[in-house]
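Quick notes on the structure that follows.
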Amino acid sequence: MSDWIRLSAADPVVVALRPMAAGETLTLEDGSLLTVLDEVPAGHKIATRPVARGEDVLKFGYSIGKATEDLRPGVWVHTHNLRTGLSGILDYRYEPVPPAASVAADAARHAERTFQGYVRPNGEVGIRNEIWILNTVGCINKTCELLAKQGGALVSGRVDGVYHYAHPFGCSQLGDDLRYTQKLLASLVHHPNAGGVLVVGLGCENNRIDLFKQAIGDFDPRRVKFMRAQDETDELEAGLKLIEELADYAETFRREPVPVSRLKLGLKCGGSDGFSGITANPLVGAVSDRLVASGGTAILTEVPEMFGAETILMNRAADERVFGQIVTLINDFKQYFIRHGQEIYENPSPGNKDGGITTLEEKSLGCTQKGGHATVTDVVPYGGRVSKAGLNLLEAPGNDQVSVTALSAAGAHMVLFTTGRGTPFGGPVPTVKIATNSQLAERKKNWIDFNAGQLLEGRTMAELADALWERVIAVASGEALTQSEKNGFREIAIFKDGVIV
């Protein structure tokens, strides 16, 4: 294995694949020798050519920022000598690029593939047959928690589990803030991984059940039940009775072969490091391309982590209408930062920086690789549900819990979650944790489902794409559970942008 990697011939930096000590000598691709001048952690950048102060530093062949001092060959390149080159609101022009040939070429090989799913009466498909308990307001979280625990024991073996998703909202929210909560929860009600849904209200909240029903729209009363806790003498007894009715309905479903074109994958990264854009993210991009080529759906979110790489996505828009939607998506999120008096480009996080990510451009160029090379077919608002196959962009922030919840609400059957730092978090749908490096995968086996770090140890992208694809099919078919599922880690978080009375 090499000690370093250069991601584009145009890059004046290489990425260290192991910790480097000052004074070490590296042999570059042309046979020349480079003396490392500083101690450099694994995943961080080393200059191999001079870069003058104020000039662009390239990685992946794109600018990741401006040098804040003259960079000599051999120096460690990071926050002390590199800054973002991004500023303000930009003007964009549609310059479409044709779809990558590799995307179309993959279609014939996988289009006939199936997984074992649950086909619902409305034609949607689930990969789990669970009962979900969703509360309209946060003050009954503990009631719902008890219902999930007791209900899970009551109907054990009849469904894939009974789960409650706690949140603190639904009361004293006003305007758009309340509508965000209602829209997000309503989309979760419709998720096909739930064979039955129990909606529990208190009775005096802003998000009262009759109002929430309007947000839900049409629903099957066999699948969705409602309970107002203040109206019940014993809300636990009443709730368990409803859970048993939902189990009666849910257990009528059986797994059956379903074309892979019906699968929807959410794409997310959390706790990136210097290897994210080299291993896990492009690997997920390869699987995303394969699914899209087979007629399926991939959903990419984390809008602030598109800043600096947004034109790549814009130029892959299916048409000018979608291009305009992407421009609005990006600029509206920038205005959100401005409205709250925050720096638009205040990213990456401390953990990202420790892992070797210096600027937002660098993070974005790595993050957007999860979307592969497919055409962008649609843009979905926060809390909305995907309606078009292909690569969709979803409005949501970078926060792990908020964005995975939004991906789930949008209809993702599972989320492919890349990480270089590690996290135990799991969303409402199976959350497949993909490590960017083997050290993390080995150290946190109870968190990590797949090791993309093998790409740095002799495995090819084609080999690992096949392996991850098979893991996705196994998870979708119920033949494999994610680590977060095994550990019972399931959470939601709702985006908040408004006043609480």
Side-chain angles (χ1 to χ4, degrees), residues 102-120 123-130 160-161 191-195 253-268 279-300 370-374 386 389-392 404 407-408 410-418 426-435 441 448-452 454-455 459-486:
S102 59
V103 177
D106 222 15
R109 197 157 65 104
H110 302 285
E112 300 303 316
R113 190 66 188 274
T114 63
F115 66 95
Q116 296 292 315
Y118 297 97
V119 180
R120 307 301 183 189
E124 293 201 35
V125 175
I127 68 169
R128 296 290 182 270
N129 197 33
E130 301 168 343
D160 291 338
H191 200 289
N193 280 9
F253 295 96
R254 296 288 183 271
R255 289 190 182 273
E256 58 185 276
V258 178
V260 76
S261 59
R262 305 299 302 281
L263 195 61
K264 299 181 178 75
L265 292 181
L267 314 175
K268 171 76 179 88
T279 60
N281 289 349
L283 175 61
V284 166
V287 169
S288 171
D289 281 346
R290 182 175 297 186
L291 179 64
V292 169
S294 303
T297 303
I299 313 167
L300 180 66
K370 298 191 302 297
H373 301 89
V386 166
L391 178 62
N392 286 247
V404 168
L407 286 166
S408 303
H413 291 108
M414 75 178 78
V415 174
L416 302 186
F417 187 109
T418 66
V429 300
T431 308
V432 181
K433 303 287 179 43
I434 303 168
I448 299 301
D449 298 287
F450 194 89
N451 178 20
Q454 297 172 84
L455 285 168
R459 297 290 298 276
T460 68
M461 180 64 76
E463 288 174 336
L464 278 196
D466 284 344
L468 181 56
W469 177 253
E470 293 303 324
R471 180 66 61 87
V472 166
I473 299 296
V475 170
S477 299
E479 297 165 2
L481 296 178
T482 65
Q483 292 297 333
S484 55
E485 287 182 288
K486 293 175 185 176

### Query
Considering residues at least two apart in sequence or located in another chain, which fulfil the side chain to side chain contact (heavy atoms under 4.5 Å, CB included) criterion with R459?
Q454, E463, L464
### Heavy-atom pair with the smallest gap, counting every atom of R120 and A194
NH2-C, 4.0 Å
### Message
Donor-acceptor pair, distance only, cut-off 3.5 Å: does the side chain of T431 make one with the backbone of V429?
### Response
yes
### Under 3.5 Å donor-acceptor, N193 side chain and E130 backbone
no
### Query
Any sub-3.5 Å donor-acceptor pair from R113's side-chain atoms to S294's backbone N or O?
no
### Query
Could you state the interatomic distance from CZ (R471) to CD (E479), rounded to the nearest 0.5 Å?
11.5 Å
### Closest heavy-atom pair and its distance - L265, A412
C-CB, 4.2 Å
#### Entry: CG on L283 to OG on S288, rounded to 0.5 Å
11.0 Å
### Task
Please determine which of V404, V432, L407 meets the side chain to side chain contact (heavy atoms under 4.5 Å, CB included) test together with F417.
V404
### Query
Yes or no on side chain to side chain contact (heavy atoms under 4.5 Å, CB included) for L291 and W469, after CA distance, side-chain angles and deciding distance?
CA-CA 9 Å; L291 179 64; W469 177 253; 4.1 Å; yes
### Query
Nearest heavy-atom pair of N129 and G195: which atoms, and what distance?
OD1-CA, 3.5 Å
### Query
With sequence neighbours left out, what residues match E256 under salt bridge (Lys or Arg N to Asp or Glu O under 4.0 Å)?
none
## Note on the structure
Output for pair (L455 CG, T460 OG1), nearest 0.5 Å, gives 8.0 Å
### Task
Take R255 and Y118, measure what side chain to side chain contact (heavy atoms under 4.5 Å, CB included) needs, and give me the verdict at the end.
CA-CA 5 Å; R255 289 190 182 273; Y118 297 97; 3.5 Å; yes
### Query
What is the minimum heavy-atom distance between A280 and A435, and which atoms define it?
CB-O, 4.2 Å
#### Entry: Distance, nearest 0.5 Å, that separates NZ of K370 from CG of L416
10.5 Å
### Message
As an exercise, state the distance from CG of L468 to CE of M461, rounded to the nearest 0.5 Å.
### Response
10.5 Å
### Query
So, do H373 and L391 sit near enough that their side-chain heavy atoms are less than 4.5 Å apart?
no
### Task
Nearest 0.5 Å please: distance from the CG atom of D449 over to the CG atom of L481.
10.0 Å
### Message
Under the side chain to side chain contact (heavy atoms under 4.5 Å, CB included) test against V258, which residue among L263, T114, V119, I127 passes?
### Response
V119
### Query
How far apart are the closest heavy atoms of A410 and I299, and which atoms are they?
CB-CD1, 4.3 Å
### Query
Is there a donor-acceptor contact under 3.5 Å from the side chain of H413 to the main chain of R128?
no
### Query
Can you check side-chain hydrogen bond (donor to acceptor under 3.5 Å, both in side chains) on N281 and T418, steps first, answer last?
CA-CA 7 Å; N281 289 349; T418 66; 2.7 Å; yes
### Task
Using atom types as modelled and distance alone, determine if a side-chain donor or acceptor of S477 lies under 3.5 Å from a backbone N or O of Q116.
yes
### Message
Using every non-hydrogen atom in the two residues, find where A298 and L267 come nearest and quote the distance to one decimal.
### Response
CB-CD1, 4.0 Å
